[in-house]
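A note on names: the letters A, B, ... follow the listed sequences, proteins ahead of strands, and every chain is numbered from 1. Atom set for the values below is all heavy atoms of this structure, side chains included, hydrogens, waters and symmetry mates excluded.
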Amino acid sequence: MASKRPTVLGKRSSPPLQLPRSKRSCVRVPGRRNVPPTWGVGKGDAAAGWNQLELTGQRGYPHSIIWALHQHKLGGAPRISFQHCLQKAFLYSLDCYRIFRTASPFDRRTTCLEWHPTHPSTLAVGSKGGDIILWDYEVLDKTYFVKGIGAGGSITGMKFNPLNTSQLFISSVAGTTSLKDFLGNTIRVFTSTDTWDYWYTSVDVSAKSRVVVTGDSMGNVILLNMDGKEIWNLRLHKKKVTHVALNPLCDWLLATASVDQTVKIWDLRQVRGKSSFVYQMPHERAVSAAYFSPDGAKLLTTDQHSEIRVYSASHWACPQHLIPHPHRHFQHLTPIRATWHPRYDLIVVGRYPDPNFAGFTPNELRTIDLFDGSSGKMMCQLYDPDSSGIISLNKFNPMGDTLASAMGYNILIWSHREIVTRKQEGLIKVMSEQGLGRGGSAHQPSPRNRPRQN
DNA sequence: AATCGATGTGTCC
DNA sequence: TGGACACCCTCGAT
């Protein structure tokens with residue numbers, strides 16, 4: 001096998017990428033070429049933007065758990081569960097969500113986002129250059145930064161090790177799926193390519209059945225045990241595998257998405273080849289993501305053009321909802337992926353307005369859209385005019401009260417205005433005590449993207 | 001198999 | 001300030 005170096009086929013013209021890059025080696029860590037990383041505190045006030053609610057029913061009532069309990073007790077319609085009341089209360093509260101903190105720690109686009117499974121204000125974010133940051137946004141400067149190789153290092157998938165949350169499973173264009181810690185040590189390499197002709201595109205892990213699954217850009221899916229022993233490696237798709245996801249409850253159920261325009265569901269215990277799937281879901285376009293819902297009962301897929309789908313376990317064969325939504329693919333954009341809220345039947349996804357999309361309206365904004373998973377209806381949009389880029393990645397934290405977004409080079413943290421205000425006061429105090437204060441107020445907005453300003 | 005076009009975001013001049 | 005251009009290997013159409 002050829003060494004992992006530029007190839008004619010790959011059209012790579014730069015020197016071998018595994019060598020230290022003279023241009024990059026002296027660059028401070030973290031940091032952009034000539035721009036220091038930026039860390040921002042959101043404005044958190046009402047003027048910061050608008051969030052548009054499209055709920056039916058009354059407004060202006062404190063939509064809290066108390067409200068939900070009250071509603072439930074009133075029991076207007078018996079089929080409306082307490083859970084549903086809670087979800088409604090949560091949707092109302094989104095009206096008050098603001099950007100709480102921002103960070104722009106990389107010298108390339110953000111490609112990957114993963115919340116810490118237990119620590120509520122900590123997340124890992126990966127970049128196109130292979131950098132990874134572990135960031136606790138509630139504590140100033142509490143970050144770990146693992147430097148990547150630069151060009152060609154792109155992080156394609158991340159998953160915290162469920163058995164040791166100081167470690168991350170990482171798949172990368174640089175040619176490995178491996179387990180690393182935040183000091184940069186490689187604990188184990190699960191698979192590697194010795195060529196730039198293909199690379200790994202996604203990882204998932206099951207603590208229960210102790211397996212690691214990874215997909216590659218040729219359509220192969222590899223199943224390994226936690227010790228790194230390969231169980232099988234099979235070409236399950238005709239084109240690049242874009243996403244692999246294990247069912248959180250049923251750990252032998254695997255979903256794979258591909259640019260071959262299919263999503264396939266597999267029984268891990270009996271995979272023999274391309275056609276041994278349990279279900280196949282043909283799509284209109286290449287598919288970027290297929291996430292099982294937290295309760296394992298649904299599957300959410302995002303294609304590369306203008307469709308989000310919800311499938312239900314009761315009937316995998318046919319989608320429960322086809323949701324039209326503009327999020328077309330573009331070479332220099334991190335593919336947009338819709339994700340589930342961890343507690344409610346809600347879907348979050350970034351909008352990339354498209355004049356050719358059927359529902360296009362002039363002056364459409366690059367919002368974050370929330371859909372109800374059971375009705376398929378859009379319930380709410382989040383928007384901040386100071387962060388007007390396309391928001392490719394959106395994930396709620398495991399608690400479900402904070403949203404992390406990836407917008408180009410930037411990471412945005414959204415939470416409830418009251419919490420934002422309270423916490424920001426504390427942060428600004430600490431900043432000014434440490435001489436980091438910026439006139440005692442938040443960042444000055446930049447015309448395009450506030451987080452880039454410093 | 002090879003070529004082309006789409007068209008976001010940041011840097012440099 | 002605005003325009004050129006890099007990014008670096010994406011995907012669909014031809």
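In this structure, the CG atom of Asp303(A) is 10 Å from the P atom of dG12(C), given to the nearest Å. Between the NE2 atom of His305(A) and the P atom of dA6(B) there is a distance of 15 Å, rounded to whole Å. At whole-Å resolution of the value, CG in Leu393(A) and P in dT9(B) are 14 Å apart. When the C1' atom of dG10(B) is taken as reference, atom CZ of Arg108(A) falls 11 Å away, rounded to whole Å. The nearest whole Å value for the distance from the OH atom in Tyr352(A) to the P atom in dC11(C) is 15 Å. Between the CZ atom of Phe106(A) and the C1' atom of dG8(B) there is a distance of 18 Å, rounded to whole Å. A straight line from NE2 of His327(A) to C1' of dA6(B) spans 16 Å, rounded to a whole angstrom. Going from atom NZ of Lys128(A) over to atom P of dG8(B) covers 17 Å, rounded to whole Å.
The local environment of CE in Met226(A) is crowded, with over 12 non-hydrogen atoms from other residues, nucleotides or ligands closer than 6.0 Å. Other residues, nucleotides and ligands contribute more than 12 heavy atoms inside 6.0 Å of the NZ atom of Lys274(A).
When the P atom is used for both dT7(B) and dT14(C), the distance is 16 Å, rounded to whole Å. Taking atom P in both dG5(B) and dC8(C), the straight-line distance is 22 Å, to the nearest Å.
For residues 329-339 of chain A, proximity to DNA chain C is found at His329(A), Gln331(A), His332(A), defined as any non-hydrogen atom under 4.0 angstrom from a strand atom.
Ion pairing between a basic and an acidic side chain is recognised when a charged N comes within 4.0 Å of a carboxylate O; Asp372(A) and Lys377(A) show no such pairing.
At the phosphate of dT7(B), OP1 or OP2 sits under 4.0 Å from a side-chain N or O atom of Arg328(A). Here Lys240(A) reaches the OP1 or OP2 of dT10(C): one of its side-chain N or O atoms lies under 4.0 Å away. Remark: Lys239(A) is not in phosphate contact with dC11(C), judged by side-chain N or O atoms under 4.0 Å from OP1 or OP2.
In summary, the side chains of Gln167(A) and Asp181(A) do not present any donor paired with an acceptor at a separation below 3.5 Å, with no hydrogens or angles considered.
Residue whose closest nucleotide on DNA chain C sits further toward the 5' end, between Arg285(A) and Gly129(A): Gly129(A).
Not counting sequence neighbours, the partners of Phe330(A) by the ring pair (Phe, Tyr, Trp, His ring centres under 6.0 Å) test are His332(A). Among residues two or more places apart in sequence or in another chain, the ring pair (Phe, Tyr, Trp, His ring centres under 6.0 Å) test is passed with Tyr200(A) by none.
Checking dC8(C), dT10(C), dG12(C) against every side-chain atom of Trp199(A), the shortest atom distance belongs to dT10(C).
Exactly one of Asp303(A), Thr301(A), Thr302(A), Thr262(A) qualifies for a side-chain hydrogen bond (donor to acceptor under 3.5 Å, both in side chains) with His283(A). That residue is Thr301(A).
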